[in-house]
There are 2 protein chains.
Amino acid sequence: MISLSILKKSPLFSGIDTKDLQSMLSCLSAVEKKYAKNELILRQGDPVGYMGLVLSGRIHILKDDFWGNRTILSDVTPSQMFAESFACSQNQGLSVSVLAVEPTSVLFLDIKRILNTCSSACVFHTRLIRNLLSVLAEKNLMLTGKIDHITKRTTREKLLSYLSAESLKAGSPKFQIPFNRQQLAEYLAVDRSAMSQELSKLQKEDYLSYHKNNFHLKDNFTH
Amino acid sequence: MISLSILKKSPLFSGIDTKDLQSMLSCLSAVEKKYAKNELILRQGDPVGYMGLVLSGRIHILKDDFWGNRTILSDVTPSQMFAESFACSQNQGLSVSVLAVEPTSVLFLDIKRILNTCSSACVFHTRLIRNLLSVLAEKNLMLTGKIDHITKRTTREKLLSYLSAESLKAGSPKFQIPFNRQQLAEYLAVDRSAMSQELSKLQKEDYLSYHKNNFHLKDNFTH
DNA sequence: TAGTTTCTGTTGGAAATACAACGAAAAGGA
DNA sequence: TCCTTTTCGTTGTATTTCCAACAGAAACTA
């Protein structure tokens with residue numbers, strides 16, 4: 001039995017009544033799967049005809065290159081989606097991998113069932129497609145934001161760019177980040193030890209303070 | 001009079017008959033505007049309720065930061081679109097600027113007219129929205145590809161990553177790139193002179209040869 | 001054609017990063 | 001609880017990048 005409360009929070013099902021959700025799920029041939037911590041959900045190269053929606057847990061979209069360098073593209077939490085771009089553009093195989101960083105439950109939705117209005121005339125397809133449009137647009141902006149961070153030239157600037165964006169998102173100078181140090185380094189595409197060093201400096205210079213994943217940006221942060 | 005042949009090539013109007021295009025344009029309250037070389041088409045911060053479609057010329061999506069560092073996010077050629085993510089996600093102002101790098105003609109389309117099926121019951125809206133979905137998905141993959149390049153740690157790796165992708169796209173070891181050196185550096189987020197140096201080295205080591213924007217990847221390129 | 005501007009490659013020194021290695025602290029498992 | 005594994009900060013060195021400056025080639029203009 002799938003938790004409908006998570007689905008209701010998902011932008012994909014925005015504006016769709018709870019009582020209609022259940023019937024829609026079967027119409028979309030939705031399938032739930034569970035994964036253990038550190039289990040690979042999808043592999044680079046896999047063809048994908050479905051998109052994923054995280055019901056519980058947490059996943060990372062990542063890419064490993066030839067030399068073993070890993071890059072984390074994004075962190076996906078419950079009610080958010082993944083692989084929808086690949087599913088929508090069909091032809092192409094997955095250029096990323098998807099990893100469960102915690103015990104995770106995922107709902108898979110057949111993209112064809114969403115795009116092709118079904119014979120049973122499910123009236124919500126129109127709404128669903130527009131929601132999907134929003135999801136893709138938002139994800140696009142998210143990627144643009146990420147590019148913003150990693151195009152900064154120094155590790156310090158990357159950190160400042162990322163942390164101020166996170167603070168803004170949290171609406172507070174105190175916030176948690178969803179990464180540990182190694183993961184943050186992989187997200188910002190820098191060396192972990194160099195990044196740790198830079199964080200120390202920033203703390204010494206009283207730009208910010210941190211403890212584990214909790215950060216606090218100080219007043220003289222605005223450079 | 002708008003060139004319909006360019007529109008026909010656009011993924012947005014894919015599958016829509018030429019004879020219907022003209023009426024659709026007025027339905028979408030399409031407006032054509034012309035820009036001189038180096039003229040700004042849209043400014044960072046502008047609210048956007050419309051998306052753009054390049055009819056002729058060439059534009060760059062770019063971002064200037066506080067210190068004057070410019071980053072080129074993408075290069076957009078005739079029949080391609082821009083600003084569609086911002087238009088679709090509505091609320092947000094533009095986080096990038098759009099610059100005409102050549103004399104350019106742009107068609108603007110009102111996003112509301114696309115999303116809200118019009119009263120005159122234009123039957124193509126459904127098709128249009130699905131096409132838009134594909135455009136957004138493709139752009140997403142494009143951004144992911146760009147992230148691939150710039151997350152590489154060294155200038156050399158960034159170049160190799162970008163050039164091999166361009167070669168793949170062209171389907172040949174010989175190809176042109178749409179950037180001059182300065183622009184390529186801004187696209188890859190590296191210093192121009194350092195990049196020039198690295199290109200020289202790569203040529204000396206016989207990985208590739210180049211003349212202006214024409215590149216030729218040699219056999220021992222595959223590292 | 002001559003003069004001007006833009007583009008490209010080169011250089012040298014300053015600055016920043018990557019890499020490898022290590023110990024301490026924290027987290028997790030038996 | 002004890003032991004193992006993971007995480008985190010620190011350091012020193014080699015490598016790489018950035019920056020500023022310059023000169024020749026190419027493109028543009030009058």
Side-chain angles (χ1 to χ4, degrees), chain A residues 36-38 60 65-72 99 101-103 149-163 176-205 207-215 223, chain B residues 36-38 60 65 67-72 99 101-103 149-163 176-205 207-215:
Chain A
K37 178 174 178 173
N38 289 328
H60 281 173
D65 74 10
F66 185 74
W67 298 273
N69 284 323
R70 167 166 292 183
T71 308
I72 297 178
L99 179 76
V101 290
E102 297 174 9
H149 303 142
I150 55 180
T151 50
K152 296 287 188 297
R153 302 306 172 79
T154 66
T155 300
R156 167 174 289 228
E157 280 180 303
K158 289 181 190 180
L159 280 169
L160 294 178
S161 176
Y162 171 73
L163 291 174
Q176 283 198 30
I177 63 171
F179 300 125
N180 64 28
R181 297 290 181 276
Q182 179 63 45
Q183 291 168 340
L184 180 57
E186 286 164 5
Y187 182 81
L188 295 178
V190 296
D191 180 71
R192 181 195 61 79
S193 68
M195 188 191 74
S196 247
Q197 196 172 17
E198 205 58 46
L199 274 175
S200 292
K201 278 193 207 166
L202 285 168
Q203 185 158 239
K204 277 201 193 84
E205 297 170 23
Y207 281 107
L208 51 80
S209 65
Y210 57 87
H211 178 65
K212 305 213 305 189
N213 294 6
N214 301 298
F215 285 76
H223 38 291
Chain B
K37 178 174 178 174
N38 288 329
H60 280 174
D65 74 10
W67 298 272
N69 284 323
R70 168 165 293 183
T71 309
I72 297 178
L99 179 76
V101 290
E102 296 175 8
H149 303 141
I150 56 180
T151 50
K152 296 286 189 297
R153 303 305 174 80
T154 66
T155 300
R156 167 176 289 228
E157 279 180 305
K158 289 181 188 179
L159 279 169
L160 294 178
S161 176
Y162 170 73
L163 291 174
Q176 282 198 31
I177 64 172
F179 300 124
N180 63 28
R181 296 289 180 278
Q182 179 62 48
Q183 293 167 340
L184 180 57
E186 285 164 4
Y187 182 81
L188 296 179
V190 296
D191 180 71
R192 181 196 61 80
S193 67
M195 189 191 74
S196 249
Q197 196 173 18
E198 205 59 45
L199 274 175
S200 292
K201 277 193 207 166
L202 285 168
Q203 186 159 238
K204 277 200 194 84
E205 297 169 23
Y207 281 107
L208 51 80
S209 65
Y210 57 88
H211 178 65
K212 307 213 303 188
N213 294 7
N214 300 296
F215 285 76

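All chains are named by letter (A, B, ...) in the order of the sequence lines, taking the proteins before the strands, and each is independently numbered beginning at 1.
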From CG of B/D191 over to P of C/dT17, roughly how many Å is that when rounded to an integer?
14 Å

Taking the side chain as everything from C-beta on, heavy atoms only, tell me whether A/K201 gets closer than 4.5 Å to A/L159.
no

Can I get a per-line list of side-chain donor-acceptor pairs under 3.5 Å for residues 182-190 of chain A, giving both atom names and the distance, sequence neighbours left out?
| unit_1 | atom_1 | unit_2 | atom_2 | d |
| --- | --- | --- | --- | --- |
| A/Q182 | NE2 | A/E186 | OE2 | 3.0 |
| A/Q183 | OE1 | A/N180 | N | 3.0 |

Contact boundaries of DNA chain D with chain A (under 4.0 Å, heavy atoms), 5' to 3'?
D/dT7 to D/dC18

A/S200: what forms a side chain to side chain donor-acceptor pair (under 3.5 Å) with it, not counting sequence neighbours?
none

Can you tell me the distance, in whole Å, between the CD atom of B/Q183 and the C1' atom of C/dT6?
12 Å

To the nearest 0.5 Å, atom CG of A/L163 lies from atom OH of A/Y207 at 13.5 Å

Residues at least two apart in sequence or cross-chain that pass side chain to side chain donor-acceptor pair (under 3.5 Å) with B/T154, listed by chain then number, are B/E157

Quick one: list whatever passes side-chain contact (heavy atoms from CB on, under 4.5 Å) with A/D191, sequence neighbours left out.
A/S193, A/A194

Between A/H211 and A/K158, whichever has its closest DNA chain C nucleotide further toward 5' is A/K158

Without decimals, in angstroms, what is the distance between A/L159 CG and C/dA16 P?
14 Å

Check every strand shown and say whether B/N180 touches a base, only sugar-phosphate, or nothing at a heavy-atom separation below 4.0 Å.
sugar-phosphate

dist A/L202:CG -> A/M195:CE (nearest 0.5 Å) comes out at 11.0 Å

Listed pairs, N/O of protein and of nucleotides 9-15 of chain C, under 3.5 Å:
| unit_1 | atom_1 | unit_2 | atom_2 | d |
| --- | --- | --- | --- | --- |
| C/dG9 | OP2 | B/R181 | NE | 2.9 |
| C/dG9 | OP2 | B/S196 | OG | 3.0 |
| C/dG9 | N7 | B/R192 | NH1 | 3.1 |
| C/dG9 | O6 | B/R192 | NH2 | 3.1 |
| C/dT10 | OP2 | B/S200 | OG | 2.3 |

Kindly write out the residues that satisfy side-chain contact (heavy atoms from CB on, under 4.5 Å) with B/N213, not counting sequence neighbours, or none if the list is empty.
B/I177, B/R181

Would you call the rings of A/F179 and A/Y162 parallel, tilted or perpendicular, taking 30° and 60° as the class edges?
tilted

The salt bridge (charged side-chain N to carboxylate O under 4.0 Å, His left out) partners of B/R156 (sequence neighbours excluded) come to B/E198, B/E205

A/E102 CD - C/dA27 P separation (whole Å)
15 Å

Between CG on residue A/L99 and NZ on residue A/K37, distance to nearest 0.5 Å:
10.5 Å

Let me test you: for the helix from C/dT1-D/dA30 to C/dA30-D/dT1, what is the angle between the axes at its two ends (five pairs each), rounded to 10 degrees?
60°

Assert: residue with more 5' nearest nucleotide on DNA chain C, out of B/N213 and B/R153, is B/N213

